[in-house]
Student: 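I have a structure here, written as structure tokens, and I will follow up with some questions on it.
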Number of protein chains: 2
Amino acid sequence: MTTTTLTPAEMADRTGVSLDTLRYYESEGLLNDVARADNGHRRYSEDDVLWVEVLRCLRDTGMTIDQLRHYCSLGAVGPSTKPQRLEILQQHRALVEQQIAERRRALDLIDHKISYYSGEDQ
Amino acid sequence: MTTTTLTPAEMADRTGVSLDTLRYYESEGLLNDVARADNGHRRYSEDDVLWVEVLRCLRDTGMTIDQLRHYCSLGAVGPSTKPQRLEILQQHRALVEQQIAERRRALDLIDHKISYYSGEDQ
DNA sequence: GAACAACCTGGAGTGCACTCCAGGTCAACC
DNA sequence: GGTTGACCTGGAGTGCACTCCAGGTTGTTC
């Protein structure tokens with residue numbers, strides 16, 4: 001059995017994250033222990049793909065690079081940091097729920113304006 | 001009857017938008033025809049308050065300053081631009097719904113990781 | 001063996017949305 | 001009448017998350 005690995009270009013394709021951003025994440029400590037081919041080129045694993053998807057999910061919902069770095073560093077320490085990581089996720093979960101609530105209110109306001117524009121006068 | 005007006009400080013207080021940002025919005029054409037006192041100081045109206053709240057709602061859900069400027073400039077033209085403004089709001093509405101959907105997926109992923117961290121091993 | 005593609009590194013540059021600052025005006029208070 | 005506070009203007013600075021670039025290596029293709 002051979003474990004499949006992805007070239008940088010394939011990784012970018014799979015995750016939708018650019019080559020530069022993948023390298024940037026690595027340099028920021030968000031993506032560690034990326035394998036290398038003999039020529040020094042990166043070789044990403046399926047686990048790396050999953051992890052980058054998690055990173056994107058958290059980034060896209062407003063977690064900063066700094067917070068992600070902290071979260072990753074906890075993971076690197078070992079199982080002893082499980083409670084802290086759980087705490088971070090729970091806090092972020094609450095944030096995402098706030099974002100949803102905020103956007104629901106936004107929809108109300110937008111709908112209000114839409115019906116105003118759709119109306120007869122003004 | 002006297003129309004109530006707000007000083008810049010009161011306006012910042014009411015809207016939660018900083019003095020600098022209020023001036024910035026005005027300079028970018030997002031907030032037009034702000035009244036002035038005799039000494040040249042700004043005097044915001046209740047309509048200004050409502051409008052800034054709309055601006056913040058749209059900004060907070062990802063509309064850029066550039067897009068807002070365009071939307072405002074249409075408003076300045078007159079009622080003839082109603083269809084374009086309606087179109088912009090409908091497109092933005094769709095965007096906000098996408099954001100909600102994306103965040104729902106994020107919640108699923110976060111919950112999955114939370115249950116993993118809450119579980120027995122690892 | 002020249003050219004090309006894919007990658008490497010370190011560092012500089014970009015775009016956005018503010019945010020801060022310097023130097024000035026004006027009215028009110030001590 | 002000097003100081004204080006709120007405000008004014010134009011312009012510079014900031015922070016974040018990328019994104020781009022120069023110069024170099026390696027491996028394959030004509």
Side-chain angles (χ1 to χ4, degrees), chain A residues 4-45 48 51-72 92 95 99 102 106, chain B residues 4-45 48 51-72 92 95 99 102 106:
Chain A
T4 327
T5 59
L6 304 174
T7 64
E10 287 166 345
M11 182 69 169
D13 223 56
R14 271 285 289 280
T15 60
V17 175
S18 76
L19 295 171
D20 273 322
T21 301
L22 286 169
R23 281 192 289 261
Y24 168 66
Y25 284 176
E26 201 179 329
S27 76
E28 293 298 317
L30 272 44
L31 188 52
N32 300 311
D33 307 321
V34 174
R36 297 285 177 138
D38 290 347
N39 59 9
H41 292 192
R42 290 174 180 80
R43 291 292 176 264
Y44 296 97
S45 68
D48 290 333
W51 178 242
V52 166
E53 280 164 359
V54 171
L55 287 179
R56 286 310 319 176
C57 165
L58 297 174
R59 271 294 300 125
D60 288 345
T61 52
M63 192 175 285
T64 65
I65 296 292
D66 223 57
Q67 290 169 317
L68 282 168
R69 182 171 27 236
H70 179 225
Y71 181 68
C72 291
H92 190 67
L95 189 81
Q99 293 173 353
E102 181 182 26
Chain B
T4 329
T5 59
L6 304 175
T7 65
E10 287 165 344
M11 181 69 169
D13 223 55
R14 272 285 288 282
T15 61
V17 175
S18 75
L19 293 173
D20 274 321
T21 301
L22 287 169
R23 281 192 290 262
Y24 168 66
Y25 284 175
E26 202 179 328
S27 75
E28 294 297 318
L30 272 45
L31 189 52
N32 299 312
D33 308 319
V34 174
R36 297 284 178 139
D38 289 346
N39 59 10
H41 291 194
R42 290 174 179 81
R43 290 294 175 264
Y44 297 96
S45 68
D48 290 334
W51 178 242
V52 166
E53 280 165 359
V54 171
L55 286 179
R56 287 309 319 175
C57 166
L58 296 174
R59 270 294 299 125
D60 288 345
T61 52
M63 193 176 283
T64 65
I65 296 293
D66 223 57
Q67 290 169 315
L68 283 169
R69 182 171 26 236
H70 179 225
Y71 181 67
C72 292
H92 190 68
L95 189 81
Q99 293 173 353
E102 180 182 28

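In what follows, every heavy atom counts, from backbone to side chain, and hydrogens, waters and symmetry copies are set aside.
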Student: Let me know the distance between OH of Tyr44(B) and C1' of dC7(D), rounded to the nearest Å.
Tutor: 10 Å
Student: For Glu102(B), is there an ion pair with Arg59(A) - N to carboxylate O distance below 4.0 angstrom?
Tutor: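 No.
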Student: Does a side-chain N or O of Thr21(B) approach OP1 or OP2 of dT19(C) to a distance below 4.0 Å, or not?
Tutor: yes
Student: Measure CG/Asp60(B) against P/dA17(C) and give the value in whole Å, please.
Tutor: 12 Å
Student: Arg42(A) near the nucleic acid: base, sugar-phosphate alone, or nothing, with a heavy-atom cut-off under 4.0 Å?
Tutor: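 Answer is sugar-phosphate: Arg42(A) comes under 4.0 Å of backbone atoms only.
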Student: For the residue pair Leu30(A) and Leu55(A), what are the closest heavy atoms and their distance?
Tutor: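 Taking Leu30(A) first and Leu55(A) second, the nearest heavy atoms are O-CD1, 3.5 Å.
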Student: How is Arg69(B) classified with respect to the nucleic acid when contacts are heavy atoms under 4.0 Å: base, sugar-phosphate, or nothing?
Tutor: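 Contact class for Arg69(B): none.
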Student: Assign Ala9(A) to base, sugar-phosphate, or nothing according to its heavy-atom contacts below 4.0 angstrom with the strands shown.
Tutor: sugar-phosphate
Student: Would you kindly compare Asp38(A) and Met63(A) by the position of their nearest DNA chain D nucleotide and give the one closer to the 5′ end?
Tutor: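 Closer to the 5' end of DNA chain D: Met63(A).
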Student: Where the side chain of Ile65(B) is concerned, which of dC8(C), dC20(C), dA17(C) is the nearest nucleotide?
Tutor: dA17(C)
Student: For Asn39(A), answer base if it contacts any base atom (sugar-phosphate contacts may also be present), sugar-phosphate if it contacts only those atoms, and nothing otherwise; contact means non-hydrogen atoms under 4.0 Å.
Tutor: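 Sugar-phosphate only.
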Student: Roughly how many Å is it from CZ in Arg59(B) to P in dC16(C), rounded to a whole number?
Tutor: 11 Å
Student: Taking atom NE2 of His92(A) and atom OG1 of Thr61(A), what is their separation to the nearest 0.5 Å?
Tutor: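 Rounded to the nearest 0.5 Å, the NE2-OG1 separation comes to 2.5 Å.
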Student: Categorize Arg36(A) for me: base, sugar-phosphate, or nothing, with a 4.0 angstrom heavy-atom threshold over every strand shown.
Tutor: sugar-phosphate
Student: From CG of Asp20(A) over to P of dG11(C), roughly how many Å is that when rounded to an integer?
Tutor: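 In whole Å, dG11(C) P lies 16 Å from Asp20(A) CG.
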Student: Any side-chain N or O of Arg43(A) under 4.0 Å from OP1/OP2 of dA6(C)?
Tutor: no
Student: Output yes when at least one side-chain N/O atom of Thr7(A) is less than 4.0 Å from OP1 or OP2 of dC7(C), else no.
Tutor: yes
Student: Within this structure, what is the CZ-to-C1' distance between Arg23(A) and dA6(C), rounded to whole angstrom?
Tutor: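 About 10 Å, once rounded to whole Å.
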Student: What is the distance from CG of Leu19(B) to C1' of dC18(C), rounded to the nearest Å?
Tutor: 13 Å
Student: Report yes if the side chains of Tyr44(B) and Leu31(B) come closer than 4.5 Å at any heavy-atom pair, otherwise no.
Tutor: yes
Student: Which nucleotide in the set dT19(C), dA6(D), dA17(C) lies at the smallest distance from any side-chain heavy atom of His41(B)?
Tutor: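 Selected nucleotide: dA6(D).
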Student: What is the separation between atom OH on Tyr25(A) and atom P on dA17(D), rounded to the nearest whole Å?
Tutor: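 After rounding, the reported distance stands at 9 Å.
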Student: If I take atom CD in residue Glu10(A) and atom C1' in nucleotide dA5(C), what distance separates them, rounded to the nearest angstrom?
Tutor: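 Answer to the nearest Å: 14 Å.
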Student: Identify the two heavy atoms, one from Gln67(A) and one from Gly62(A), that lie closest to each other, and give their separation to 0.1 Å.
Tutor: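 So the minimum-distance heavy-atom pair works out to OE1-O, 4.2 Å.
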